[in-house]
Amino acid sequence: MNKKMKKIAACVMAAAMMSMTGCGTDPAKSTKENGEKLRVFFMDAKTPDVDMVAEKVSEITREKIGVDVEFIMLDDYSTKLPMMIATDEPMDICWTDSNNFAERVRKGAYADLTELLDDVPKLKELLPEDFWKGVSVDGHIYAIPTKKEMAEQWVCYAEEEFLKQNDIEIDKDKVYSLKELEPILEKLKETGTRNGFEIGAKGRHDPMHRINYFDVVQGDFVADKETGKIDNYYMTKKYEEYVRLMRDWYNKGYIASDVATRNGYDTDSSKKGITYVSYAPYNEVQATKYNDNKPLTPIKMTPAVITNQSTCGSAFAVLEKSKNKEKAMEFLELWNTDPEVKNLITHGIEGVHYNLVDGKVEKVKDATSKYLNQNWASGNVFISTLYAGEPDDKWEKYEEFNLSATKSSTLGFVPETRSINDKILACQGVAAEFAGLLSCGAVDPDEYLPKLRKSLEDAGVNDVSAELQKQYDEWKNK
């Protein structure tokens with residue numbers, strides 16, 4: 001071959017190599033032409049500007065990781081997502097939570113991310129090891145948790161001014177027992193106009209009680225914090241003590257006499273009683289706004305605990321059927337470490353959906369009707385810009401909250417329940433029939449607690465507890 005032919009051949013080969021590797025090409029142009037796109041599914045209502053925001057994010061992802069993104073918002077998420085997973089619908093990333101998470105993992109819907117995380121070190125290092133356990137099944141990681149308040153804690157709210165008027169001081173660092181709320185409830189009753197303990201039969205609040213003594217294993221099945229014994233919560237001595245206290249409060253008039261039938265409580269702040277909520281630092285700031293700006297005092301009712309449910313309360317999984325798993329992980333790393341990407345996905349476009357006022361986000365009028373993506377449900381909230389009115393040190397307090405929390409003894413334990421699912425469902429049906437009324441004091445526990453427990457035994461509660469105990473003991477001894 002003469003020199004001229006060799007030169008031509010070399011040029012042809014070089015051109016071919018450049019075409020194959022993308023060297024010397026514009027990543028944005030290459031992405032556009034090849035149509036490589038990550039499809040991300042969110043649990044939220046579809047709004048008109050979703051595609052506009054996705055295009056703004058794509059301008060960044062094209063340059064940094066060589067892909068476009070498409071955002072698909074799904075209302076009625078729990079119904080639509082399983083159907084879409086079961087079809088040939090292209091899917092790369094989807095929002096998930098603790099509901100059905102393990103079941104979908106074991107059915108092969110979500111990709112194992114354990115080894116893939118090694119290629120995105122910034123993402124892997126984002127969370128302490130314990131937090132990854134909450135999105136693990138059988139020792140493998142299957143989702144990326146939203147980095148937010150990642151521990152579970154319950155508090156009660158009482159109006160600050162009411163407490164002052166009645167010389168009731170609250171120690172903000174102390175964890176109170178339910179019994180210690182009685183002086184406040186007595187004063188509320190004396191007013192004759194205020195609500196007492198604002199609970200209902202439909203929305204049971206016993207998780208606020210159980211977390212002090214038990215760690216969740218599966219639904220209502222719990223492990224005793226001291227002994228490790230697994231039982232259904234409604235079969236325990238602690239639950240019996242609890243419902244008897246609620247019945248006592250009901251008889252004393254601390255709980256509304258029509259609690260079994262009412263849908264809610266009057267939101268008039270002049271009638272405010274004691275409410276209970278799942279807590280994160282500074283939640284009382286937002287709660288105060290909804291209370292006619294009358295300050296509320298949080299009363300700690302439980303310690304902060306890291307649980308499977310709290311760490312997997314909002315997460316994003318990569319679909320096993322995705323053809324772009326590595327790129328999906330690169331995008332998740334970008335989303336969780338790049339403030340520009342996180343703020344676009346959460347807040348939308350500056351000047352269109354919000355304006356910055358003194359460095360904080362102030363939504364434009366009707367912004368949520370144009371674009372909606374809730375901060376708690378997407379990516380790393382610690383790198384997002386605060387909303388106007390939020391305390392400057394909010395994220396620092398969240399970090400302290402997470403790091404100071406205790407670890408649940410069942411963190412990372414996900415039992416295999418296929419052999420007992422029918423009995424678990426039967427027990428859930430029994431609880432739905434009886435526990436709500438017992439938990440708010442509306443019925444006599446001497447009459448109804450034995451009925452609840454007999455029905456649970458008939459539903460197979462002991463068989464479920466025995467199987468879960470066996471698996472739990474094996475897991476602990478590994």
Side-chain angles (χ1 to χ4, degrees), residues 153-212 239 241-302 389 391 434-448:
Q153 183 175 39
W154 291 82
V155 304
C156 284
Y157 282 141
E159 274 194 2
E160 183 180 299
E161 186 59 30
F162 178 83
L163 294 174
K164 286 181 179 178
Q165 289 172 352
N166 290 279
D167 297 320
I168 299 172
E169 293 186 6
I170 299 299
D171 182 345
K172 65 182 180 66
D173 296 320
K174 175 183 174 180
V175 175
Y176 285 75
S177 68
L178 283 166
K179 191 75 175 171
E180 289 176 295
L181 295 179
E182 288 195 357
I184 306 174
L185 292 169
E186 180 59 34
K187 292 295 183 180
L188 288 167
K189 182 183 176 184
E190 285 177 6
T191 66
T193 57
R194 287 186 175 268
N195 301 321
F197 198 34
E198 296 184 5
I199 61 174
K202 295 178 181 177
R204 299 199 305 273
H205 65 288
D206 45 50
M208 183 177 70
H209 171 261
R210 72 172 74 177
I211 194 175
N212 283 307
Y239 180 68
E241 292 172 359
Y242 167 71
V243 296
R244 292 193 182 283
L245 178 62
M246 292 301 104
R247 184 61 176 176
D248 180 52
W249 285 5
Y250 178 86
N251 288 334
K252 289 177 177 176
Y254 298 163
I255 294 173
S257 59
D258 62 347
V259 63
T261 56
R262 67 163 54 237
N263 290 320
Y265 287 83
D266 196 324
T267 56
D268 182 347
S269 61
S270 66
K271 297 182 180 180
K272 189 74 174 178
I274 291 179
T275 56
Y276 65 94
V277 293
S278 180
Y279 185 73
Y282 289 130
N283 276 10
E284 63 270 25
V285 174
Q286 190 67 21
T288 292
K289 289 181 181 178
Y290 291 119
N291 191 51
D292 297 332
N293 289 312
K294 293 182 179 180
L296 294 170
T297 296
I299 306 168
K300 290 182 182 179
M301 303 305 297
T302 76
F434 291 103
L437 294 172
L438 278 162
S439 294
C440 67
V443 295
D444 185 353
D446 285 335
E447 179 181 356
Y448 281 87

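What you see is a predicted model, and the numbers here were worked out from it, not measured in a lab.
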Rounded to the nearest 0.5 Å, how far apart are [atom1] of [X] and [atom2] of [Y]?
X      : Y      : atom1 : atom2 : result
Phe197 : Ile184 : CZ    : CD1   : 10.5 Å
Met301 : Ser177 : CE    : OG    : 6.5 Å
Asn195 : Ile255 : CG    : CD1   : 12.0 Å
Asn283 : Thr288 : CG    : OG1   : 10.5 Å
Glu284 : Tyr279 : CD    : OH    : 3.5 Å
Leu185 : Ile274 : CG    : CD1   : 4.0 Å

Is the closest side-chain heavy-atom distance between [X] and [Y] below 4.5 Å?
X      : Y      : answer
Cys156 : Met208 : yes
Lys174 : Glu180 : yes
Glu182 : Glu186 : no
Val259 : Tyr250 : yes
Trp249 : Leu178 : yes
Arg244 : Asp446 : yes

Minimal non-hydrogen separation, [X] against [Y], with atom names:
X      : Y      : answer
Ala260 : Ala442 : CB-CB, 4.1 Å
Ala256 : Arg262 : CB-NE, 3.7 Å
Val285 : Pro391 : CG2-CG, 4.4 Å

Going by the rule salt bridge (Lys or Arg N to Asp or Glu O under 4.0 Å), which residues pair with Arg194 if we only count those two or more places apart in sequence or in a different chain?
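With sequence neighbours excluded, Arg194 shows a salt bridge (Lys or Arg N to Asp or Glu O under 4.0 Å) to Glu159, given in chain and number order.
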Inspect the surroundings of NZ in Lys187 and state if more than 12 heavy atoms from other residues, nucleotides or ligands are less than 6.0 Å away.
no
For Tyr239 and Ser439, which I'm curious about, is there any donor-acceptor pair between the side chains at under 3.5 Å?
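Note: Tyr239 and Ser439 side chains meet the donor-acceptor criterion.
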Would you tabulate the side-chain donor-acceptor contacts of residues 164-173 under 3.5 Å, counting partners in other chains and residues two or more places apart, or write 'none'?
{"residue": "Lys164", "atom": "NZ", "partner": "Glu160", "partner atom": "OE2", "Å": "3.4"}
{"residue": "Asn166", "atom": "ND2", "partner": "Phe162", "partner atom": "O", "Å": "2.9"}
{"residue": "Asp171", "atom": "OD1", "partner": "Asp173", "partner atom": "N", "Å": "3.0"}

Would you confirm whether Asn291, through its side chain, and Lys294, through its main-chain N or O, come within 3.5 Å as a donor-acceptor pair?
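Between the backbone of Lys294 and the side chain of Asn291 there is a qualifying donor-acceptor contact (under 3.5 Å).
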Does Tyr157 reach the main-chain N or O of Tyr276 with its side chain, forming a donor-acceptor pair under 3.5 Å?
no
Side chain to side chain contact (heavy atoms under 4.5 Å, CB included) against Tyr290, all qualifying residues, sequence neighbours excluded
Gln286
